[in-house]
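These notes are about the structure you will find just below.
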There are 2 protein chains.
Amino acid sequence: MNKAIEEQYLDKAEVFKALAHPTRLFIIHAIKDKKLSVKELTELVGIDISTMSKHLDILKKHKIILGEKEKNYVYYHLAIPCILDFMNCAIKVINKK
Amino acid sequence: MNKAIEEQYLDKAEVFKALAHPTRLFIIHAIKDKKLSVKELTELVGIDISTMSKHLDILKKHKIILGEKEKNYVYYHLAIPCILDFMNCAIKVINKK
DNA sequence: TTTCTATTTGGCAAAATTACCAAATAGTTT
DNA sequence: AAACTATTTGGTAATTTTGCCAAATAGAAA
């Protein structure tokens, strides 16, 4: 695998890694058409808020989601809708088993 | 997050995890329109053949790829072409940064 | 059968990921 | 300012993933 190609797949793998966690997939689903705060998401999932913050940070770093501060809340929304198409294919994969 | 939903995202996350490695993304690209043996893939990537075998096993377990034995080679090909659409979205994510 | 090639499996050490707690930060409200 | 709420950050232990080596397995060819 040559260097340029290797780098290309490394970058893509980072995107898949960012999505490869049930909580992060849930986040994407939850904020796909309404924005939610860290606290709201935390309550929906039922984990520690610091853990939720770190999951959001991973998605934010890749600009898959965006957060806007409003009062002392941060509301997140989905920035890359084509991510949702991934899901349909993922379902096909799951149904094959 | 209720139990049924949690399970749903757990299953999907497994699919993303299976794809979340540069070598495995390269494999998918390499065999998308021609089948290749473990040895051929190993030489293209430049890793230990046992490592390649394990990467293929991960994709095979999810039926993302299929292998057919021919002589003493095993030729792999892509079983779920919609995986390739993921890549185009992944590129959009990468270009946002 | 023996030898050779391709692939898989087991074991293990290194690296990465995850979740919690505690503490720090940011901003509101009193 | 002090008290309060939301979010982020640092630290750490537990778990998972990864990649190599060595050995086992499968089949082909001699």
Side-chain angles (χ1 to χ4, degrees), chain A residues 1 6-7 9-28 30-31 34-77 79, chain B residues 1 3 6-7 9-28 30-31 34-77:
Chain A
M1 183 154 43
E6 183 175 358
E7 186 135 348
Y9 289 107
L10 224 134
D11 285 350
K12 282 185 189 166
E14 285 304 310
V15 177
F16 283 99
K17 265 198 242 181
L19 298 167
H21 192 286
T23 297
R24 295 197 291 271
L25 291 182
F26 174 81
I27 291 167
I28 286 166
I31 66 176
K34 67 166 175 290
K35 49 192 188 177
L36 291 170
S37 70
V38 184
K39 186 169 193 281
E40 287 169 320
L41 285 164
T42 300
E43 283 161 2
L44 286 171
V45 177
I47 55 174
D48 194 275
I49 195 166
S50 72
T51 303
M52 177 56 78
S53 181
K54 281 171 184 169
H55 281 304
L56 290 165
D57 190 52
I58 289 167
L59 294 171
K60 190 169 46 179
K61 270 182 192 149
H62 290 273
K63 302 204 197 294
I64 293 167
I65 65 172
L66 283 176
E68 347 172 310
K69 192 132 199 174
E70 214 173 291
K71 301 235 178 180
N72 54 351
Y73 294 81
V74 179
Y75 288 97
Y76 283 96
H77 67 271
Chain B
M1 183 154 43
K3 269 292 170 200
E6 183 173 358
E7 185 136 347
Y9 289 108
L10 224 135
D11 284 351
K12 282 184 190 167
E14 285 303 310
V15 177
F16 283 100
K17 264 199 242 180
L19 298 168
H21 192 286
T23 297
R24 296 198 290 270
L25 291 182
F26 173 81
I27 291 167
I28 286 166
I31 66 175
K34 68 165 175 289
K35 48 191 188 177
L36 292 170
S37 70
V38 183
K39 186 169 195 279
E40 288 169 318
L41 285 165
T42 299
E43 284 161 1
L44 285 171
V45 178
I47 55 174
D48 194 275
I49 195 166
S50 71
T51 303
M52 177 56 77
S53 180
K54 280 170 184 171
H55 281 305
L56 291 165
D57 190 52
I58 289 167
L59 294 171
K60 191 169 44 179
K61 269 182 191 149
H62 289 273
K63 301 206 198 293
I64 293 168
I65 64 173
L66 282 177
E68 350 172 308
K69 192 132 198 175
E70 215 172 291
K71 299 234 180 181
N72 54 350
Y73 294 82
V74 179
Y75 288 97
Y76 284 95
H77 66 273

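In what follows, every heavy atom counts, from backbone to side chain, and hydrogens, waters and symmetry copies are set aside. Chain letters run A, B, ... following the sequence lines, proteins first and then strands; every chain starts at 1.
For the salt bridge (Lys or Arg N to Asp or Glu O under 4.0 Å) condition, no pair includes a residue of residues 45-56 of chain A, sequence neighbours left out. Annotation: side-chain hydrogen bond (donor to acceptor under 3.5 Å, both in side chains) contacts involving residues 65-74 of chain B, sequence neighbours excluded, comprise B:Lys35-B:Glu68.
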Base versus backbone protein contacts along nucleotides 14-19 of chain D [heavy-atom cut-off under 4.0 Å; B, S, -]: ---SSS

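Backbone-only contact: A:Tyr76 has heavy atoms under 4.0 Å from sugar-phosphate atoms and none from a base. Across all strands shown, B:Leu56 has no heavy atoms under 4.0 Å from either base or sugar-phosphate atoms. Among the protein residues, A:Ser50 comes within range of the nucleic acid bases, having at least one heavy atom under 4.0 Å from a base atom.
With sequence neighbours excluded, the residues forming a side chain to side chain contact (heavy atoms under 4.5 Å, CB included) with A:Ile58 are A:Ala18, A:Arg24, listed by chain and number. Qualifying side chain to side chain donor-acceptor pair (under 3.5 Å) partners for A:Lys60, counting only residues two or more places apart in sequence or in other chains: A:Tyr76. For B:Leu36, the side chain to side chain contact (heavy atoms under 4.5 Å, CB included) partners two or more places apart in sequence, or in a different chain, are B:Ala30, B:Ile31, B:Lys34, B:Glu40, B:Leu41, B:Leu44. Legend: residues meeting side chain to side chain contact (heavy atoms under 4.5 Å, CB included) with B:Ile47, ordered by chain and number and at least two apart, are B:Thr23, B:Val45, B:Thr51, B:Met52, B:His55.
Atom P of nucleotide D:dT5 and atom NZ of A:Lys39 are separated by 9 Å, given to the nearest angstrom.
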Might you list the N or O atoms of the protein lying below 3.5 Å from N or O atoms in nucleotides 28-30 of chain D, with each pair's distance?
unit_1	atom_1	unit_2	atom_2	d
D:dA29	OP1	B:Lys71	NZ	3.3

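Using a 4.0 Å cutoff to heavy atoms of chain A, the contacted part of DNA chain C runs 5' to 3' from C:dT17 to C:dT29.
A distance-only check finds a donor-acceptor pair linking the side chain of A:Thr42 to the backbone of A:Val38 [under 3.5 Å].
Contact between A:Leu25 and B:Lys12 at its shortest, heavy atoms only, is CD1-CB, 3.5 Å.
The CG atom of B:Leu19 sits 4.5 Å away from atom CD1 of B:Ile28, with the distance rounded to the nearest 0.5 Å.
The shortest distance between side-chain heavy atoms of A:Leu56 and A:Val74 does not fall below 4.5 Å.
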